[in-house]
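To keep things clear, I will list the structure first and then write my remarks on it.
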Amino acid sequence: MGETITFWVLAVVSVAAALGLVLSRKAVYCALMLGVVMGSLAVLYAVQEAPFLAAVQIIVYTGAVMMLFLFVLMLVGVDSTDSLVETIKGQRFWAIVAGLGFAALLALAIGNVAFVRPTGLGGATSQYGGNVQGLAQLIFTRHVFAFEVASALLITAALAAMVLAHRERAKAKPTQKDLARARFAGPHPTPLPGPGVYARHNANDMPALLPDGTVSELSVNRIIARHDVQEGRLPEDPRLAEAIRQAVEVEEESK
Amino acid sequence: MNAIRVLAAPEPALPNVQSFGHDPLWITIIKAVAIFVFLLLSVMYGVWMERKLISRMQHRYGPNRAGKFGLLQSIADALKMGFKEDLYPSKVDRFLYAIAPVILVVPAFMAFSVIPFGPTVSMFGEQTPLQLTDLPIAVLFVLAMASIGVYGIVLAGWSSRSPYAVLGGLRSSAQVVSYEIAMGLSFVGVFLFAGTLSTSEIVAKQASGGTWEVLGLSIPMPSWYVVMLIPSFLIYAITMLGETNRVPFDLPEGEGELVGGYQTEYSSSLKFALIQMGEYVNVFVVSAVSITLFFGGWRAPWPISLWEGANVGYWPLLWFFIKLVLVFGGFIWVRASMPRIRYDQLMAFGWKVLIPLNLAWIMLVATVRAFRIEGADRTALFTIAALVVVGCLVLFFRFDTVLQRRRETRAEELKQEFELLEEQPAAGGHPVPPLDLPHYHGADRKEISSGIH
C-alpha cells in the first residue's frame with residue numbers, strides 16, 4: 001500500500017521534473033530538476049528495499065555530482081538562456097540512434113522477466129545474511145576487478161582533466177617580498193591618501209584633501225573618475241572637479 | 001511479532017536493526033514528535049548556552065535581562081523573528097529564495113531519526129527502542145542528509161542574486177563536499193571494528209571491549225571506539241567543524257569579507273530563523289553521531305556503568321543528553337579560542353592532510369583487523385603489509401631528498417641575499433639605515449646592553 005502510494009506520487013514528481021529539465025531554459029533550473037529526479041530515484045530504491053543503493057545514490061549523485069554541476073554553473077554564471085545553435089554535426093541523428101538503442105536494451109532487460117522466474121530479494125540475499133552484506137561480498141570478491149578498473153579509469157580521467165586544465169606560469173608568482181620591493185622601488189611606497197582632514201565626503205570618487213587643504217589627484221580611483229567625467233557627474237567644487245579630470249588625463253597619457 | 005517477544009524477555013536485549021519497524025503507528029508518532037520537540041528546545045537553549053558560555057570565556061555576562069539568567073532570551077528572539085515582516089529583496093529568485101531555508105532545515109531534522117537515544121524500554125505498555133528508526137546503512141543515511149542540506153546553503157546563496165551571497169554559497173558547497181569525504185573516511189575505522197553500519201548495533205558493540213589474545217596474554221580492550229580509533233575520532237572532530245561551517249571553518253559566512261555569506265539577503269524574519277535552526281540542528285546531528293560512533297552512544301560512562309541499572313530504562317536518555325551538552329560545549333570552546341583560517345589553507349588541509357592521513361590510518365586498522373580474523377593467511381598478509389610499508393618508506397625518502405635539495409637551494413639563495421644586503425644595504429629598495437651607525441652593530445655582533453636589565 002505504502003509502496004504504491006510512494007510510487008504514484010514520485011512518478012508524477014519525477015516525470016514532471018524530467019520534463020522541466022528538458023524544457024527549462026535556465027541552466028541552474030535544469031540542474032535542480034535533475035537533482036529532483038535523482039532524489040526521487042533514491043526514494044524509489046529505498047522503497048524497493050535497496051537502502052544501500054538509495055544512500056549511495058544521494059551521497060554520490062545528488063550530493064557530489066549534482067553539487068559539482070551547480071557549482072560550475074554558479075561559478076561560470078550561466079544564467080541567461082543558452083544558445084540553441086547546434087555545433088555537433090549530425091547530433092540529432094546520433095541522439096535518435098542512441099535513444100533507440102537504449103530503448104531496445106531496456107526492453108530486452110525487462111522482457112527477460114517474462115522468460116526467467118525471478119529469484120526475489122530474499123532468495124538472492126539470504127545466502128549472505130542480508131542485502132548490504134550481500135553487496136559487500138559481491139563487490140569485494142566477484143566484481144572487485146571491475147571496480148578497480150572503474151576507479152583506475154576515473155582517476156585517469158581526473159588526472160587528464162587536471163593536466164589539460166593546467167597552465168604553467170610564464171614567470172614565478174610574485175611573493176609578498178617581491179611585492180613589497182616593487183612598492184618601495186615605485187613612486188609611492190606609502191598607501192594612497194584617504195579622504196583627508198578637511199574632507200566633507202568620504203565617497204570613493206571624491207578626491208582627498210591633504211593636511212594643507214590642497215587636493216590630491218592621487219587619491220582618485222581612475223576607473224570611477226573616468227565614469228564620472230563621461231557621465232558628467234563632477235562635484236560642484238571646481239578644485240575637486242579639476243582633480244578628477246586630471247586623474248583621467250594622467251590615465252590616458254599613461255596608456 | 002517475534003522481535004517483540006524477544007525484547008520482552010526479562011533480560012533486556014539490546015536493540016538491533018531487526019528491532020525496528022514493529023512499532024504501532026502511535027508509538028512512532030510519539031517518538032517523532034518527541035525528537036522534533038527535543039530538537040526545537042535544543043536549538044533555543046543551545047543558542048542560549050552558546051551565548052552564555054562564550055560570554056563567560058570572554059569575561060562578560062551574555063544575555064541576562066529576559067528571565068532569570070537570560071533564559072527567556074531565545075524565546076524573545078524567536079518571537080521577534082516570527083513577527084517581523086517577511087521581506088523579499090527585489091531581484092531575488094522568489095521560489096528558490098523561499099524554499100532554500102526549508103531544504104537546509106528538513107534534512108537536518110531527518111538525520112536525527114537514526115540516532116539511538118536509549119535501549120529498549122516499555123513505553124505505555126509497548127516494548128520499543130528509544131530510537132525512531134534504524135537502517136542497515138544508518139550512518140550513510142546521516143551523510144546523505146548532510147549532502148542534501150548543502151543544497152539549502154547553495155540555493156540560498158544563488159537565489160539571493162548578490163555577489164556576497166553567491167560567494168558564500170560557493171565556498172560552502174566546496175567546503176562541505178571536501179570535508180564530507182574526510183568525514184566518511186573517518187567512519188570506516190568504526191565500521192571495520194563494529195562490522196555494521198547500523199547505529200543501534202554500533203552502540204551495542206561498544207558495550208564491552210572484549211579481549212585481545214596476543215602472545216598468550218589476554219589484554220582487555222577499552223569499549224569506546226574513541227580510545228582504539230583516536231586518529232579517526234580526531235579527524236572526525238575536525239571535519240565536524242568543517243561540515244557545519246563552525247569556527248574556525250566558518251568561511252561561508254566570514255563577516256569580514258562576505259558580510260553574512262549565503263544568508264546576507266535574509267533579513268531577520270522567519271526564513272532567517274529557519275537558517276539558524278538548520279545550522280544548530282546540523283551541529284547537534286554531528287555531535288550525536290560522534291557520541292554514537294565514538295563515545296559509546298547512550299551507554300553510561302565508566303564510574304556510572306558500575307551501577308546495574310545505569311543502562312536500563314530511561315536513564316540512558318540522561319547520559320546521552322549529558323554527552324551531547326559536553327560535545328556542544330566543545331564546539332563553543334573551539335569558537336571562543338580559534339581564529340578563522342584562510343580559505344586556501346582550509347582546502348589544502350582537507351585534501352592534503354586529512355584525507356591522506358585517514359587513508360593511511362584505514363590501511364593500518366584494516367591490517368590489524370585482518371590479522372585478528374580466525375584462520376586468516378597471516379604469511380600473505382604479512383608479506384603485503386611489509387611490501388606496502390617498504391613502498392611507503394621508499395616514496396618518503398625519495399620525496400625527502402627532493403625536499404631536502406629544495407630547502408638547501410632556498411637556504412643558499414637567502415645566504416646570497418644576506419651577503420648582498422651586507423655590502424649594499426639599500427639593494428632591496430627599502431630605505432635602510434647604514435649598518436655601521438654607532439648604536440647598531442649588525443646582526444652577527446653581540447648586542448651591547450644598557451646595563452639596566
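Proteins get letters first, then strands, A, B, ... in listed order; numbering begins at 1 in each.
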_Among B:S173, B:G169, B:G184, B:A146, which residue has the highest count of heavy-atom pairs closer than 4.5 Å to chain A?_
B:S173
*Mind checking which of residues 151-169 of chain A sit less than 4.5 Å from chain B, heavy atom to heavy atom?*
none
*Hey, which residues of residues 31-44 of chain A are touching chain B, say heavy atoms under 4.5 Å apart?*
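Listed by number: A:L32.
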Please determine whether the number of non-hydrogen atoms from other residues, nucleotides or ligands lying under 6.0 Å from atom [atom1] of [X] exceeds 12.
X: A:L192; atom1: CG; answer: yes
X: A:E231; atom1: CD; answer: yes
X: B:F20; atom1: CZ; answer: yes
X: B:R406; atom1: CZ; answer: no
X: A:Y61; atom1: OH; answer: no
X: A:F69; atom1: CZ; answer: no
X: A:E49; atom1: CD; answer: no
X: A:W8; atom1: CH2; answer: no

*Does any heavy atom of chain A fall under 4.5 Å from the side chain of B:I181, the backbone, both, or neither of them?*
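Neither part.
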*Is it the side chain or the backbone of B:A174 that comes within 4.5 Å of chain A heavy atoms, both, or neither?*
both
Supply the atom-to-atom distance [X] [atom1] to [Y] [atom2], rounded to the nearest 0.5 angstrom.
X: A:L70; Y: B:L170; atom1: CG; atom2: CG; answer: 9.5 Å
X: B:L140; Y: A:I58; atom1: CG; atom2: CD1; answer: 11.0 Å
X: A:M67; Y: B:S172; atom1: CE; atom2: OG; answer: 8.0 Å

*Considering non-hydrogen atoms only, spot the tightest contact between B:V177 and A:G63 and give its length.*
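Heavy atoms of B:V177 and A:G63 come nearest at CG2-O, 4.1 Å.
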*Between B:Y151 and A:T62, what is the shortest heavy-atom contact and its length?*
OH-O, 2.7 Å
_Pair B:E413 + A:K177: basic N to acidic O under 4.0 Å_ =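 A:K177 and B:E413: not salt-bridged.
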